[in-house]
Amino acid sequence: MKNLIVVFASFLAAALVNARQLPIAVRGQPAKYTVVRPADASPSQLYAAEEFQRFTETLTGVKLPVVTDEGPLPANAILLGNTRHTAALLGAPADMAGLGTDGFRLVVKPPHLLIVGGPVRGTLYGVYEILERFGGCRWYASWHSVIPQLETFEVPVIDETQKPAFALREPFWFDMFNGDLAARNKANGNAMRLKEKHGGHSYRFGGGLGSCHTFNALCPPDQYFDEHPEYFSEIDGKRIKERTQLCLTNPDVLKIVTSNVLVRIRKDPGASFYGVSQNDWYNPCTCPACKALDDAEESHAGTMIAFVNKVAEAVEKEFPDVIIETLAYQYTRKPPKNLRPRHNVMPCLCTIECDFAFPIDKSAFKENRSFLDDISGWGAICERVYLWDYTTNFRDYISPFPNVLALQDNVRFFHTNRVDYLFEQGAYQGRHGDFAELKAWLLAKWLWNPDLPQEPLLEDFFNGYYGAAAPYVRTYFDALHSFYRDPAAHPLRIFDNLHRTRIPDGFYTRAALLWQQAETAVKDSPAHLYNVRMGAIPVLYTRLVRETRQEPYKVWVTANPRHYDTSSTTRSLATELLARFAEAKDIRLSESKERHDKILADWRTLADPPPLPPAAASVMIENTLLSLSNRGKWGDTVADPLASEGSAMKLYNSHYEWCTTLPFLNVAFDRGEKYRLRMRVRVEKKPGRDGEAFWAGVYDADNKRSCGGIERKTSQVGDGYEWYDVAEWIPDTAHLFWIGPGQFDKKGGAESSIKALYIDKLELSRVEQ
Ligand SMILES: [Zn+2]
């Protein structure tokens with residue numbers, strides 16, 4: 001920490017030596033300056049005075065007095081907001097309207113410093129700008145600030161005005177929700193815990209609706225579907241209740257939604273935005289009326305905008321200032337051809353499909369190319385656009401996601417495309433995703449000013465956050481990003497699987513070494529050591545994932561179980577990850593809680609694996625070990641007294657292809673040896689019909705070929721359970737056993753001949769040769 005302070009102090013001394021300086025505070029001397037605030041200061045202006053006083057004292061040991069502007073102008077003043085003395089010193093009234101809620105003007109009128117800003121957030125932001133730029137204060141994370149020790153805290157002669165590039169600035173990352181961290185980095189998003197002293201929230205989504213996916217809340221299928229299926233999506237001629245959207249051309253749906261929106265606004269007035277938007281899946285309505293409108297508009301945004309416009313028109317009569325927000329997301333992302341959103345309708349455009357290794361407009365990836373068309377299309381027909389961008393890997397927050405070098409250009413790109421409200425979604429349920437704190441901090445900086453040069457910000461963060469480890473972490477960071485230099489190559493997407501990125505295993509071995517060196521470099525600095533140990537998690541995790549299989553073996557039929565023993569590397573990586581997990585405060589591994597828990601459970605199993613089963617030449621496989629697609633719809637596990645363990649997997653005969661499988665990825669077997677697979681099944685026939693009873697086999701997914709199988713007609717099977725030979729072959733991990741019911745004769749247009757198919761168990765045996 002000490003070295004860092006010296007570096008900062010000497011840097012400032014060198015940079016400022018020639019300019020005329022106001023000596024705000026000098027270490028060891030009595031306070032010469034007085035902070036002057038308006039007598040009727042707002043909560044954020046009171047906090048601005050407090051923060052200026054607090055950090056000046058931390059910087060220099062000098063505590064400046066704070067007074068109101070009711071008294072005479074002090075000999076040396078720091079004037080906050082639009083004080084009684086401000087206009088006289090400026091020679092004209094301050095342009096408060098021009099500054100808006102968040103902008104500020106910094107002016108030195110020797111010997112005074114004027115931080116002119118409005119009562120909402122402008123004054124407070126002006127104070128932070130002075131402390132950051134001239135005091136060297138940095139707020140990198142809620143637990144990690146750098147406040148240098150200065151001999152003199154000086155401010156040069158200056159007259160500049162700053163206003164934010166985006167009205168709503170939301171780096172949606174967990175740690176940035178901390179109100180102080182957000183305000184100090186000038187972020188004003190909805191998720192931030194901004195109190196009155198931070199200036200509160202700028203724009204709020206009201207009515208308990210949140211910012212997205214509100215159809216189910218505004219017209220619930222549970223309430224309406226049974227009596228009015230026509231309110232919901234028609235798919236292939238049938239109205240659906242599960243994963244449904246609304247039938248947007250139905251006039252009753254419009255009445256219900258409009259009335260619910262109005263009720264919610266009346267209950268929770270005063271918010272800026274109220275959301276009327278599609279649920280988080282596809283299935284837009286394709287009834288004749290919806291289809292006709294969408295066809296004419298060449299997008300499902302046709303019905304959406306027509307509908308939302310009508311809601312917004314009704315809302316405007318009672319609430320003229322309210323904006324109705326809707327999604328331009330997935331199936332509605334393409335703007336309508338002729339329709340125009342009303343002036344009080346705001347589309348929220350989402351980048352979910354894009355490649356993020358490169359700036360959105362510079363990647364050759366097809367989704368990026370179509371996104372360009374969509375954003376310029378919406379920009380041309382809307383008064384305002386809300387942009388929802390994605391800045392982490394959501395499958396695994398702790399997976400390396402080298403998007404940092406594209407962030408600034410993306411923010412700039414959104415700015416030039418008329419985006420006012422920018423939502424940068426990252427790891428929002430916990431800390432320490434891949435470079436999480438760096439990304440959140442950079443985004444806050446660029447959402448305020450997209451033109452701040454990238455390299456000085458990166459250097460600033462690496463030095464301040466990692467201390468003496470910075471060179472090692474930076475080497476890793478640069479190398480990681482170097483794998484994505486070709487804009488025409490494999491894209492970087494937000495649900496990428498670690499096995500399928502273009503970064504080779506060898507890189508992570510070298511990377512682990514760099515992080516070890518980083519750790520050694522800061523072993524005596526606990527604050528930096530914590531950041532380094534958390535920063536290394538993505539590399540440890542990737543090595544573990546690449547080193548081991550993620551699925552446990554379900555079936556053991558091998559003469560050599562020790563071949564399947566967990567390697568010592570795997571055990572030690574898992575142990576190390578568990579140690580860091582225990583050390584971390586509020587770490588989150590994945591967006592999905594289920595996956596977060598699974599990753600953690602896998603680490604525990606891999607660190608301390610269960611004892612290996614004994615060698616076996618043959619094994620019975622209960623039906624519960626088979627995977628089943630669409631459980632409940634294609635089949636389920638049911639009680640069956642005829643089955644050997646009293647339960648069976650019943651296939652409903654509602655789907656003719658393979659419903660249930662046993663992937664050999666989950667089987668521990670002996671490579672190169674021949675095995676025999678048998679199954680015990682029974683067929684529930686339809687009386688008086690003869691046709692297909694079932695089909696089953698073993699499939700080689702790599703080579704797309706069959707390794708053996710069986711088909712039976714109802715006339716060839718009895719009524720009870722029988723054993724059938726399925727295949728005799730040499731298994732591979734890419735193989736899978738599959739079985740489907742007799743419905744498959746429908747392929748030929750015939751009537752199905754069975755009611756259901758029951759699977760009791762399989763038997764897998766090594767064939768001695
Ligand atoms: Zn419809």
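For ligands, and for the atoms within them, numbers begin at 1 and follow the listed sequence. Keep in mind the model is a prediction, meaning the values are calculated, not measured.
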Between L349 and W388, is any pair of side-chain heavy atoms under 4.5 Å apart? no
Decide whether a cation-pi geometry holds between R239 and F232; the criteria are a distance under 6.0 Å from NZ or CZ to the six-membered ring centre and an angle within 45° of the ring axis. no
So which protein N/O/S atoms does the Zn ion (ligand 1) have within less than 2.8 Å? C247 SG, C285 SG, C287 SG, C290 SG
side-chain hydrogen bond (donor to acceptor under 3.5 Å, both in side chains) contacts in which one or both residues fall within residues 211-223, not counting sequence neighbours: N216-N279
Non-neighbouring partners of K755 that pass side-chain hydrogen bond (donor to acceptor under 3.5 Å, both in side chains), sequence neighbours left out: none
Residues in ring pair (Phe, Tyr, Trp, His ring centres under 6.0 Å) with Y484, at least two apart? none
Mind checking whether F356 and R493 have side chains closer than 4.5 Å, heavy atoms only? no
